[in-house]
Participant: 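Take a look at this one; I'll ask things after.
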2 protein chains.
Amino acid sequence: MSNQNSEPAPRPVDEIDLALLRALQADARAPIGTLSDAAGVSRATAYARLARLREEGIITALTVTVHPKRVGLGVSAVVLIRSTPDNWKTWSSMLPILEAMDEVEYAADLAGEVDLLLLVRLRDVEHLQRFVTEELRGRIPGIGSVRTLLVLNQTPERSLVLPS
Amino acid sequence: MSNQNSEPAPRPVDEIDLALLRALQADARAPIGTLSDAAGVSRATAYARLARLREEGIITALTVTVHPKRVGLGVSAVVLIRSTPDNWKTWSSMLPILEAMDEVEYAADLAGEVDLLLLVRLRDVEHLQRFVTEELRGRIPGIGSVRTLLVLNQTPERSLVLPS
DNA sequence: GGTGAAAGATTAGAAGG
DNA sequence: CCTTCTAATCTTTCACC
């Protein structure tokens with residue numbers, strides 16, 4: 001995976017692209033005919049558009065969203081990390097490390113009182129403890145403080161709401 | 001959408017289910033034959049399993065993941081909210097309000113020094129300002145402090161890493 | 001439960017205007 | 001961007017293990 005903020009947007013998407021993306025958000029397995037109807041274009045056009053959206057990286061992935069608890073990941077947590085001024089790695093050097101951790105679903109480099117935020121998915125609280133003490137402090141240099149916030153309730157994962 | 005933490009897991013998924021889910025994570029538009037091959041079962045079985053996974057809510061959605069910047073959402077931010085002890089609504093009463101806000105991609109009710117975390121996607125910084133001052137403070141009662149952290153860099157959205 | 005086969009209907013993917 | 005084409009795939013249903 002590449003850094004999501006690195007490349008600028010060369011060509012903006014138009015209304016047809018947005019309609020296709022919205023239709024895919026509703027059902028990624030919808031047949032092309034359904035998608036093309038939703039966008040008001042022919043199937044061939046929908047094909048061409050989808051290929052372009054994939055090539056240009058506008059479509060990051062076509063995936064399934066899974067209920068975490070039902071697959072053995074009963075605990076979610078938000079980890080807020082502050083760095084020590086020295087020995088703190090750059091984002092680009094940490095990215096591969098973070099992505100190699102199965103527990104990390106989302107990581108963000110922040111401006112403000114917190115330097116790094118992680119959303120992690122774990123089997124249980126013991127798993128959380130091991131993750132923070134061993135994985136995190138062991139592998140990421142320059143960690144100052146770590147605050148772990150248990151998730152009590154959360155929205156189901158949802159896609160971006162595309163602008164109109 | 002329903003609360004993701006409300007229902008217990010009645011029946012656990014098995015290895016075949018996990019294999020199907022992993023194949024769908026890689027490509028949600030993969031033909032059934034590809035999915036059934038990946039899981040080592042027949043197509044008929046893959047059909048039956050997928051129907052069951054949908055019915056039981058283990059599959060939350062089959063969606064497309066989009067690069068936010070390329071669709072006009074150039075700014076991401078994390079909003080940390082602390083409540084005032086009085087007038088703070090319950091999670092279940094806030095959920096529909098939060099889900100009605102297009103800017104909110106993810107919301108979590110937290111245990112700890114922060115009560116509510118939002119991941120928001122916005123067009124620009126002006127949009128962020130309007131969101132925090134008007135949408136948030138205007139619609140959610142009982143907000144104590146609001147800390148807004150700009151996202152400088154982030155991982156692309158990624159699916160859960162399913163356990164083995 | 002899972003299998004393999006059969007069946008028509010639908011869709012995919014490419015070619016050409 | 002559309003229409004047209006053939007091969008491939010979908011999806012259900014079946015009898016059987």
Side-chain angles (χ1 to χ4, degrees), chain A residues 9-74 159-160 162-164, chain B residues 7-67 70-72 159-160 162-164:
Chain A
R11 221 175 328 185
V13 299
D14 62 12
E15 271 306 319
I16 295 175
D17 292 321
L18 287 176
L20 290 172
L21 291 172
R22 268 188 280 263
L24 278 176
Q25 281 187 339
D27 180 8
R29 287 186 75 78
I32 282 277
T34 307
L35 305 178
S36 61
D37 285 353
V41 295
S42 70
R43 293 210 305 274
T45 302
Y47 266 110
R49 293 290 188 131
L50 283 187
R52 197 170 64 86
L53 290 170
R54 279 178 184 262
E55 281 164 20
E56 296 189 354
I58 294 168
I59 289 181
T60 304
L62 287 158
T63 55
V64 65
T65 295
V66 173
H67 193 124
K69 286 202 166 180
R70 298 281 180 92
V71 291
L73 297 170
S159 315
L160 289 185
L162 297 170
S164 56
Chain B
E7 315 108 38
R11 223 175 327 187
V13 300
D14 62 12
E15 272 305 319
I16 295 174
D17 292 321
L18 288 176
L20 290 172
L21 291 172
R22 267 188 282 263
L24 279 176
Q25 281 188 339
D27 181 9
R29 288 184 75 77
I32 282 279
T34 306
L35 305 178
S36 61
D37 286 353
V41 295
S42 69
R43 284 203 303 278
T45 303
Y47 268 110
R49 292 289 189 132
L50 284 185
R52 198 171 63 86
L53 289 170
R54 280 177 181 264
E55 280 164 18
E56 296 189 354
I58 293 166
I59 289 181
T60 304
L62 287 158
T63 55
V64 65
T65 295
V66 173
H67 192 124
R70 300 280 181 94
V71 291
S159 315
L160 289 185
L162 298 169
S164 56

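As the structure is a prediction and not an experimental result, all values here were calculated from the model. Reminder, nothing fancy here: chain letters follow the sequence lines and each chain counts from 1.
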Participant: Counting C-beta onward and ignoring hydrogens, is there a side-chain heavy-atom pair between A:V41 and A:R49 closer than 4.5 Å?
Facilitator: no
Participant: Are A:V13 and A:L53 side-chain neighbours, meaning at least one heavy-atom pair lies under 4.5 Å?
Facilitator: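 Yes - at least one pair of side-chain heavy atoms lies under 4.5 Å apart.
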Participant: Nearest whole angstrom, please: distance from the C1' of C:dT10 to the CG of A:L35.
Facilitator: 14 Å
Participant: Which pair of heavy atoms, one from B:T63 and one from A:Q25, lies closest together, and at what distance?
Facilitator: CG2-O, 2.8 Å
Participant: Between C:dG1, C:dA12, C:dT3, which nucleotide gets closest to the side-chain atoms of B:R29?
Facilitator: C:dA12
Participant: Using atom CD of B:E15 as one end and atom P of C:dG1 as the other, report the distance to the nearest whole Å.
Facilitator: 18 Å
Participant: Which atom pair, heavy atoms only, marks the closest approach of A:T60 to B:H67?
Facilitator: OG1-N, 3.5 Å
Participant: So does B:R43 get a side-chain nitrogen or oxygen closer than 4.0 Å to the phosphate oxygens (OP1/OP2) of C:dG2?
Facilitator: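 For B:R43, the contact criterion (side-chain N or O under 4.0 Å from OP1 or OP2 of C:dG2) is not met.
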Participant: Name the closest nucleotide to the B:R49 side chain, picking from D:dT9, C:dG2, D:dC1.
Facilitator: C:dG2
Participant: Counting neighbours of CZ on B:R43 that are heavy atoms of other residues, nucleotides or ligands and sit closer than 6.0 Å, is the number greater than 12?
Facilitator: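 Not more than 12 within 6.0 Å, no.
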Participant: Looking only at heavy atoms, which two atoms of B:S36 and B:S42 are closest? And how far apart?
Facilitator: CB-O, 3.6 Å
Participant: Tell me which of B:Y47 and A:S42 sits closer to the 5' end of DNA chain D, going by the nucleotide each one is nearest to.
Facilitator: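 Mapping each residue to its closest nucleotide by heavy atoms, the 5'-most match is A:S42.
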Participant: What integer distance in Å separates A:L50:CG from C:dA14:P?
Facilitator: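 Computing the A:L50:CG to C:dA14:P distance gives 13 Å.
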Participant: Of the nucleotides C:dG2, D:dC1, C:dT3, which one has an atom closest to the side chain of B:A44?
Facilitator: C:dT3
Participant: If a pair means Watson-Crick or G-U wobble with both distances below 3.5 Å, what does DNA chain D look like in dot-bracket form, with | marking bases paired to a different strand?
Facilitator: |||||||||||||||||
Participant: Between A:I32 and B:A48, name the one whose nearest nucleotide on DNA chain C is closer to the 5' end.
Facilitator: B:A48
Participant: Select one nucleotide: of C:dG2, C:dA12, D:dC1, the one nearest the side-chain heavy atoms of B:I16.
Facilitator: C:dG2
